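Take a look at the structure set out below.
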Amino acid sequence: MSTQIPKQTEKADETAAETETDAPSKGDERRAEKRRRADERRRQRETEEAERAAADENTVELRVFRYDPDVEGKQEPRFDTFHVPFTKGMTVLDALMYARDSYDSSLTFRHSCRQAVCGSDAMFVNGGQKLACKTQIDELEEPIRVEPLPHAEVTKDLVVDMEHFYDQMEAVEPYFQTNEYPDGELEEQRQTRENREKIKMSTRCIWCSACMSSCNIAAGDNEYLGPAAINKAYRFAMDEREGEDVKQKRLEIIEQEHGVWRCQTQFSCTEVCPKDIPLTEHIQELKREAVKNNLKFW
Amino acid sequence: MSQSYNRGLIEDFSRWREFEAGMWAWIFHKFTGWVLIGYLFTHIAVLSTAIPASGAETAVLQAGNDVYTQTIVSLEGLLLVRILEVGLLAVAVFHMLNGARLLLVDLGVGLESQDKSFYASLILTGAITVASVPTFIAGAF
Amino acid sequence: MYEHDVVVVGAGGAGLRAAIAAQEEGADVAIVSKLHPVRSHTGAAEGGINAALRDADSWEDHAYDTMKGSDYLGDAPAVEALCKESPEEVIQLEHWGMPFSREEDGRVSQRPFGGLSFPRTTYAGAETGHQMLHTMYEQVVKRGITVYDEWHVMDLVVTDEDDPADRTCHGVVAYDIQRGEVDGFRASGGVILATGGMGQVFDHTTNAVANTGDGVAMAYRAGVPMEDMEFIQFHPTTLPSTGVLISEGVRGEGGILYNENGERFMFEHGYANNDGELASRDVVSRAELTEVNEGRGIEDEYVHLDMRHLGEERILDRLENILHLAEDFEGADGLTEPMPVKPGQHYAMGGIETNEHGETAIAGLYAAGECACVSVHGGNRLGGNALPELIVFGKRAGHHAAGKEMGEAEIPTGKRGEWEPAEYEFEVDVGAVGDRGPAAADGGAVAADAEGLMEAEIERARERVEDLLTRKGRNHAEIRSAVQETMTANVNVFREEEGLKQSLSDLREAREAYTEVAVSDPSRTFNTDLIHTMETRNVLDIAEALAMGALARREFRGAHWRKERQERDDENWLKHTLVSWNDGEPELWYKPAILEGEAKTYEPKVRSY
Amino acid sequence: MAQRYSSFDKGGRMWLLQRVTAAFLLVVLAFHFFLLHFVHHADEVSFLMSAGRMETLSYYSLMVLFLLTATFHGVNGVYNALVNQGLTGTKRTVIKWTLVAASVVLVLQGIRTANAWAGIPLY
Ligand SMILES: Cc1cc2nc3c(=O)[nH]c(=O)nc-3n(C[C@H](O)[C@H](O)[C@H](O)COP(=O)(O)OP(=O)(O)OC[C@H]3O[C@@H](n4cnc5c(N)ncnc54)[C@H](O)[C@@H]3O)c2cc1C
Ligand code: HEM
Ligand code: SF4
Ligand code: F3S
Ligand code: FES
């Protein structure tokens with residue numbers, strides 16, 4: 001059973017005791033009482049779940065990180081345990097949705113597409129950055145621990161603040177730029193198959209931020225562009241449709257103080273990317289590209 | 001700076017479980033690099049005893065009674081120093097092998113087998129260290 | 001309160017294109033979306049974008065194919081606009097850098113698609129939607145268009161004249177998911193709804209969890225009719241646990257469907273003696289469900305799609321991504337075992353009634369994309385026709401809202417043109433429960449000017465949130481699943497009189513239950529419980545209109561199949577279904593489909609391929 | 001183009017130098033270890049033997065170069081590591097110059113030692 005329960009109760013008692021000594025206000029008492037009742041309810045729910053789990057062998061145990069700055073009793077981060085009936089093909093996201101819809105509707109996480117294209121549900125599952133919807137339960141060791149992405153500010157439960165990640169993505173001028181378009185009205189720009197192949201993997205990024213969360217350098221240096229943004233820059237720098245002058249500009253962007261040189265080839269970004277983008281390879285190629293480009297003028 | 005909530009000791013610790021090869025390599029490389037630069041300073045400090053020694057008489061030098069030779073011999077006579085030297089060798093060998101691996105990575109060679117090359121560096125380091133123990137310890141007893 | 005010229009609700013393909021277009025016309029635009037733009041479900045589209053780009057092809061052919069595909073329920077002016085403009089829009093995307101797949105000579109690739117007389121589906125690998133969505137978001141970043149992401153739009157701010165045709169939309173009220181506050185977005189030029197699909201009305205869908213048809217429901221409550229809601233496309237091969245789409249390619253390559261007894265039912269039970277597994281989507285979907293209903297389904301739920309006999313080499317070569325999908329989302333290894341599949345809701349042909357400029361019956365309110373019904377898809381959407389719809393009508397709506405002169409529209413909206421009331425009598429109550437309460441488009445009564453109206457609506461929305469957060473009651477999840485269950489059981493690919501009636505009474509029950517709904521999470525931060533509860537109301541409104549339309553339409557057209565009459569009835573049903581909310585008393589009515597186009601008049605023909 | 005020249009980002013140059021010195025060190029350090037631990041054993045070291053080697057110009061210059069590159073490589077490595085951990089502002093400037101000073105001391109002391117062996121009276 002969940003290890004947090006006794007601790008939580010202790011806490012509630014403590015606060016109650018405290019308030020007694022220094023002339024409790026009615027509000028404090030009420031709040032303490034409320035908290036106690038909430039704990040009670042949770043304990044009861046968890047016992048029920050555990051019983052159900054015992055009755056039915058086929059359940060999975062999930063330990064989920066909980067935190068909410070707004071709700072008393074959740075301000076102190078803790079883990080809640082859920083027992084979810086296992087069905088074949090179940091993903092971590094399915095399990096979380098089940099837990100939310102059946103046990104605790106305040107369990108909060110981002111999700112939308114359920115098919116690894118929206119990039120909403122990157123989380124820290126059993127110690128690794130994973131897309132919850134793309135992670136099969138039966139490939140994980142139990143109990144399954146689900147936490148929000150490390151190195152990011154937690155908004156609530158499994159939701160982290162993505163603003164910083166978006167800023168980095170948008171810092172590399174992530175839009176196509178060129179000075180020449182073909183003449184004809186319905187003329188497309190030509191691009192060789194090889195060139196499209198070269199940028200193909202880099203265009204698959206779904207902005208999930210798993211890579212950024214896994215990179216120790218990004219954790220230490222908030223200004224580091226990070227693997228995803230550099231990959232985005234790669235996507236354009238290597239696109240032959242953009243032309244030479246634009247490429248020069250692109251290289252200047254990625255060469256800035258907190259750009260490619262920060263990368264220490266840790267490879268963890270490449271390991272966790274749910275879209276299998278060879279991030280380290282792209283970063284390294286840009287470093288070489290930058291050096292080559294600069295050597296020309298030496 | 002980046003922020004993260006304290007998730008308790010055990011939880012924090014478990015993060016290490018999924019450290020991938022590349023990350024261990026990074027940590028080891030860092031550690032060995034620092035040891036090496038630290039050693040370089042001490043090394044030069046010890047060697048500088050050669051400066052006063054060079055003023056000594058030729059006979060003294062020949063007999064090995066100068067400050068430099070004395071310092072080295074007494075240091076080398078200590079088992080601890082010998083053991084530390086083996087450690088230094090291990091550190092240096094790892095840093096060299098992994099450094100070579102990193103140079104290849106920078107050249108874009110063998111990125112798919114980066115984990116294998118890391119393990120190879122580890123194993124080779126171990127092998128070379130063990131193999132050199134006799135040479136390093138020789139004469140210490 | 002925030003003020004902009006044009007407020008776009010939704011940031012999928014349609015919303016982004018609309019915002020860019022409005023900005024091109026010089027308007028100050030803002031996008032308000034409950035998801036960050038790149039999380040929109042447009043990113044899930046795989047197949048491609050239809051556009052007549054090549055010399056050997058023509059927009060007229062594309063229009064003809066589309067009309068035929070729609071089973072003659074498309075409106076010709078809309079269909080022709082789509083086909084004429086999609087080439088320039090696709091080239092526009094290419095000029096914005098979209099990484100299309102390429103031919104040897106460096107031009108964009110096109111491939112054949114079901115129902116098309118020319119290979120005109122332009123694609124970017126198996127991730128066309130993803131590339132399109134990201135390319136357009138890049139343009140939005142480039143232009144510095146303001147995006148309010150993770151804001152859930154709750155309702156429209158519309159004046160309350162009796163006749164919806166006299167009403168005006170002044171903006172929207174929205175809930176900031178991160179901070180838990182209600183605020184208003186006032187739009188002096190217009191509000192463009194681009195909120196996407198409504199797959200969550202069914203319990204098994206290829207749509208995202210966020211596709212709850214919010215825009216459709218909002219417009220409906222404000223007085224805009226919903227059009228052709230009964231036309232829902234079901235895809236026969238989706239994974240049972242998640243609804244992830246397994247492309248038709250598997251059957252195209254020779255994949256076989258088996259039931260629990262290992263019978264190749266498409267032939268052995270005579271569903272399609274000629275084409276077998278390759279019969280059209282609706283036929284295969286119905287066959288699968290019949291098997292399950294007659295007890296020959298596996299685990300009473302799905303059938304097997306087997307591709308093992310194709311051999312590892314061929315599978316890896318042509319269907320590799322299918323292996324990954326089955327593995328990642330279903331835990332099934334397509335090389336060693338058959339994959340479980342079942343039909344799933346895929347696309348809503350119907351939606352908010354608009355004309356070809358994206359205008360709705362209410363002034364200042366526009367709609368584009370899957371939430372709108374222009375109508376280009378009529379009774380059935382052709383694969384690859386939704387993405388061009390997003391960019392063509394997104395752009396048109398954006399331009400019009402920003403004040404561009406575009407001439408008189410040919411498609412009438414609301415009851416402005418020819419129309420007839422439905423003769424159908426519903427046995428169950430529909431619409432709002434109990435005392436009708438304040439009309440959706442209320443507020444006009446209390447405020448004379450737009451400013452005051454906005455304030456009043458914001459206040460009302462705040463009260464509603466407050467009420468949901470503080471009251472005690474039931475969890476929305478049960479209600480939503482009740483809706484999804486009855487819709488899937490009764491308004492699915494099989495539609496029979498009895499079932500449809502059943503669904504309406506189940507929906508009634510759900511509506512009544514919803515009056516007691518409450519949110520148990522008291523938090524002001526990222527309260528998804530609250531958001532989902534509000535969405536469930538939208539799901540309810542849509543489900544009901546959908547079931548009403550389906551019950552009344554006694555014919556088999558496009559994706560709508562009726563047991564009572566299994567053939568198309570052009571005599572009586574060459575017309576669009578419309579449902580108006582009427583401040584709580586839904587009304588069903590019809591308007592004729594427009595078959596006279598600029599190129600020609602599209603005479604209904606037998607739809608056979 | 002002159003502008004381009006000066007815009008050769010420092011990060012890029014240092015990065016490249018770190019790799020170039022690493023490649024050089026790889027060879028020289030291996031040689032160094034081999035010579036001083038396997039060919040000659042550590043406990044046999046004496047002033048005269050060292051002096052003997054140092055008196056050859058090529059060995060002397062190799063060792064000085066070894067010292068220079070190792071110092072650069074090591075100190076630059078440490079500096080990078082600190083910067084990557086988020087060292088900024090005044091602290092960063094202070095540490096940078098401290099490291100530079102330490103390197104200068106190290107190199108000078110090293111050269112003095114080498115000179116002592118080589119019999120060059122510059123120490
Ligand atoms: C699996 C799959 C494959 C497909 N393949 C193809 C294909 O190959 N070719 C093709 O042509 N079509 C295809 N389609 C159909 C097509 O992708 C969709 O119809 C289209 O992408 C819908 O785009 P949209 O912009 O209308 O909506 P979406 O992309 O769904 O965007 C809706 C937006 O509205 C926002 N929103 C919703 N409600 C609210 C609210 N209350 N407040 C604020 N914002 C809100 C959301 O945040 C989102 O940004 C496919 C569909 C699916 C599901
Ligand atoms: C023998 C050959 C050597 C090779 C091939 C080598 C290779 C490398 C490489 C490639 C790096 C850069 C890592 C990165 O930035 O990602 C590095 C870092 C470093 N090296 Fe070496 N090196 C060698 C010898 C040395 C020596 C002799 C010293 C000590 C003086 C040393 C000290 C360091 C330090 C301190 C770092 C920084 C570590 C960190 O990132 O914290 N190296 N080495
Ligand atoms: S690069 Fe990969 S891990 Fe990083 S954000 Fe993009 S998809 Fe996610
Ligand atoms: S994890 Fe970080 S250090 Fe580089 S290789 Fe990836 S960005
Ligand atoms: S839910 Fe969209 S990526 Fe997982």
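Here is how names work: the chains are called A, B, and so on, in the same order as the sequence lines, proteins then strands, and each is numbered from 1. Worth saying up front: this structure is predicted, and the values here are computed from it rather than measured.
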What part of [X] gets closer than 4.5 Å to chain B, counting heavy atoms only: side chain, backbone, both or neither?
X      : result
D:A114 : neither
D:F47  : both
D:L106 : both
D:A51  : neither
D:V75  : both

Between B:T58, B:I44, B:D66, who has the most heavy-atom pairs with chain D when the cutoff is under 4.5 Å?
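Heavy-atom pairs under 4.5 Å are most numerous for B:I44.
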About how many Å separate [atom2] of [Y] and [atom1] of [X], when rounded to the nearest 0.5 Å?
X     : Y      : atom1 : atom2 : value
D:M49 : B:T69  : CE    : OG1   : 10.0 Å
D:F34 : B:S132 : CZ    : OG    : 12.0 Å
B:S54 : D:R112 : OG    : CZ    : 10.0 Å
B:L47 : D:T113 : CG    : OG1   : 6.5 Å
B:L40 : D:H73  : CG    : NE2   : 11.0 Å

Using heavy atoms and a sub-4.5 Å threshold, report which of residues 86-107 of chain B line up against chain D, by residue number.
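Heavy-atom contacts from residues 86-107 of chain B to chain D are B:L88, B:L89, B:A92, B:H95, B:M96, B:A100, B:L103, B:D106.
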Looking at every heavy atom in both B:Y68 and D:S50, which two are closest together, and how far apart are they?
OH-OG, 3.7 Å
Chain D contact via B:Q62 - side chain, backbone, both or neither, heavy atoms under 4.5 Å
both
Taking the side chain as C-beta and beyond, is there a heavy-atom pair between D:W117 and B:I51 under 4.5 Å?
no
